[in-house]
Amino acid sequence: MKNPKIETLWTHLHWLTVLAEQGSFTRAAERLDVSKAAMSQKIKEIEMLAGVPLVQRTTRSVRLTDAGLRLVEELRQPFAQIKQSFSGICDSTGPLRGSVRVTAPVAFARQQLVPRITGFLRANPEVRVQLEVSDRLVSLTTEGFDLAIRHSDNLPDTHVAWRLCPTETLAVASADYVKRHGMPASPADLQRHRCLYYPRGSEAPGWSFVARHSPEGKADKIRVPVSGPFATNNSESIRDAAAEGLGIALLPDFSAQQALADGRLIEVLPAWRPVGAFADSLHVVRPYAPQVSRAVTEFSSYLRGAFAEGFAAG
């Protein structure tokens, strides 16, 4: 490969930019759907031809040298333009096709998103959806995601977001638990109950409520300290523990919906609305880009329609 024509190096250069985005040979190889060995070989070849190191390797990650960083930065926009141009040609005619990489929270993805994806894929057999289920707030741009579902009221200004639907937090317990321990009549009663809660760092556990039918802007918030035998950062685990009669829990409506519908859980304190435990909305989010593939646009539109009615139990 001595003194090759630059046209023979397009693949090498593109793989270098992906390596810079992913930060490891393993993740870059997965992103490109190639072997780690092939990825490493391409980088070695382009370093040999460049005559300077482009990558600093460690046992856990890789970092680009100054020369590598400068090269990747100058290549970023041309490769983005190539991708947009090709996607535009592919999108302009024929059936909907292409791939959509999506990340979504665990409980929401398992209980609500996956059943709805099925209908979209049946209607569009040439589209591929790759879903990463994680409660980690990933960087869409760095990790190559087209869309994210976020259960959050705070969204980055650098992204485009649409509200899927409002969500509500519900206080729930099993009928068996209520039979054994009684139904709380007010939030203050929770201090004598077994409560299942999300740990919030070093903050003492506590739940806040407002009266459900208080006049707009005039609701007084009541905060109640809670304690109980079980705490976890996953709403499905809290839901299952509550359904087993372990205690009272706060859950997002999308996580409680089916258990309420089939009678495994009942709502407690229906005259009170929990506040501050979870966000009030679900959003679909994508990185800002001047041009977006038709598959991504159609899939995000489909999701907005699929979730428009929210999560009323039953």
Side-chain angles (χ1 to χ4, degrees), residues 96 100-121 123-124 127 129-172 198 208-210 212-214 216-217 219 221 233-236 239 250-258 260-261 267 273-314:
L96 193 64
V100 184
R101 297 192 74 228
V102 187
T103 176
V106 176
F108 175 77
R110 284 162 50 94
Q111 297 169 49
Q112 303 291 346
L113 181 58
V114 171
R116 288 166 170 86
I117 287 177
T118 303
F120 179 82
L121 293 177
N124 301 283
V127 174
V129 173
Q130 180 182 338
L131 172 64
E132 177 171 300
V133 175
S134 174
D135 290 328
R136 180 175 61 94
L137 290 180
V138 305
S139 168
L140 274 65
T141 303
T142 300
E143 300 191 34
F145 286 99
D146 300 301
L147 295 172
I149 308 297
R150 294 278 166 85
H151 187 204
S152 175
D153 296 320
N154 299 311
L155 302 170
D157 295 335
T158 54
H159 289 51
V160 180
W162 297 271
R163 192 190 201 201
L164 285 181
C165 62
T167 63
E168 188 174 359
T169 302
L170 304 173
V172 297
Y198 266 63
S208 297
F209 296 82
V210 296
R212 192 172 292 277
H213 299 298
S214 298
E216 186 71 25
K221 185 164 67 173
N233 65 345
N234 177 262
S235 67
E236 285 186 307
R239 179 203 59 192
L250 298 186
L251 291 174
D253 52 5
F254 60 78
S255 190
Q257 183 186 42
Q258 188 57 49
L260 289 167
E267 189 175 0
R273 181 169 62 87
V275 294
F278 300 100
D280 294 329
S281 299
L282 278 159
H283 292 85
V284 57
V285 181
R286 68 165 174 81
Y288 173 77
Q291 209 170 0
V292 180
S293 76
R294 189 158 60 103
V296 171
T297 300
E298 291 294 330
F299 185 60
S300 62
S301 178
Y302 172 84
L303 293 178
R304 297 200 298 277
F307 291 104
E309 295 184 4
F311 307 102

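Within the structure, the salt bridge (charged side-chain N to carboxylate O under 4.0 Å, His left out) test picks out the following pairs touching residues 101-121 (sequence neighbours left out): R110-E236. Counting only residues at least two apart or in different chains, ring-ring contact (aromatic ring centres under 6.0 Å, His included) contacts with residues 285-305 comprise F120-F299, F120-Y302. Sorted by first and then second residue, the pairs that involve residues 158-168 and meet salt bridge (charged side-chain N to carboxylate O under 4.0 Å, His left out), not counting sequence neighbours, are E168-R212.
Between L170 and A256 the shortest heavy-atom distance is CD1-CB, 4.5 Å. In terms of heavy atoms, N233 sits closest to Y198 at O-CE2, 3.4 Å. Minimum heavy-atom separation, R294 to L96: CG-CD1, 3.4 Å. A pairwise comparison of heavy atoms in P252 and S235 identifies CD-CB, 4.0 Å as the closest pair. Nearest heavy atoms, A109 versus V133: CB-CG2, 3.8 Å. Of all the heavy atoms in A277 and T169, the pair that sits closest is CB-CG2, 4.3 Å.
Side-chain contact between V285 and V160: absent, with no pair of heavy atoms (C-beta onward) separated by less than 4.5 Å. A heavy-atom distance below 4.5 Å is found between the side chains of V296 and L147. For the pair T167 and S281, the minimum side-chain heavy-atom distance is 4.5 Å or more. Side chains of L303 and L113 form a contact here, defined as non-hydrogen atoms less than 4.5 Å apart. S255 has its side chain out of reach of F311: every pair of non-hydrogen atoms, C-beta onward, lies at least 4.5 Å apart.
The CG atom of L137 sits 7.0 Å away from the OG atom of S152 when rounded to the nearest 0.5 Å. Once rounded to the nearest 0.5 Å, the distance linking CG of L282 with CH2 of W162 reads 15.5 Å. One distance of note links OG1 of T103 with CG of L131; it measures 7.5 Å at 0.5 Å rounding. Interatomic distance, CG of L251 versus CD of Q257, reported as 12.5 Å (0.5 Å rounding).
In this structure a side-chain-to-backbone donor-acceptor pair under 3.5 Å is missing from H283 to L155. Side-chain atoms of D153 come within 3.5 Å of backbone N or O of D280 as a donor-acceptor pair. Proximity of a side-chain donor or acceptor of S301 to a complementary backbone N or O of T297 within less than 3.5 Å is not detected.
The side-chain hydrogen bond (donor to acceptor under 3.5 Å, both in side chains) check on S139 picks up T142, with sequence neighbours excluded. Residues meeting the salt bridge (Lys or Arg N to Asp or Glu O under 4.0 Å) test with E143, sequence neighbours left out: R136. Taking the ring-ring contact (aromatic ring centres under 6.0 Å, His included) definition, one finds that H151 meets it with F254, sequence neighbours left out.
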Given the rule in the side-chain contact (heavy atoms from CB on, under 4.5 Å) test, do N124 and E298 qualify, once you have shown the distances and angles that lead to the verdict?
CA-CA 10 Å; N124 301 283; E298 291 294 330; over 6 Å; no
What verdict does the side-chain contact (heavy atoms from CB on, under 4.5 Å) test give for I149 and V284, after you've listed the backbone C-alpha separation in whole Å, the side-chain angles of each residue and the deciding distance to 0.1 Å?
CA-CA 5 Å; I149 308 297; V284 57; 4.0 Å; yes
Please step through side-chain contact (heavy atoms from CB on, under 4.5 Å) for the pair N234 and V106, ending with a clear verdict.
CA-CA 8 Å; N234 177 262; V106 176; 4.1 Å; yes
Please walk me through it: do Q130 and V102 pass side-chain contact (heavy atoms from CB on, under 4.5 Å)?
CA-CA 6 Å; Q130 180 182 338; V102 187; over 6 Å; no
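Checking Q258 against R239 by side-chain atom types alone, no donor-acceptor pair falls below 3.5 Å.
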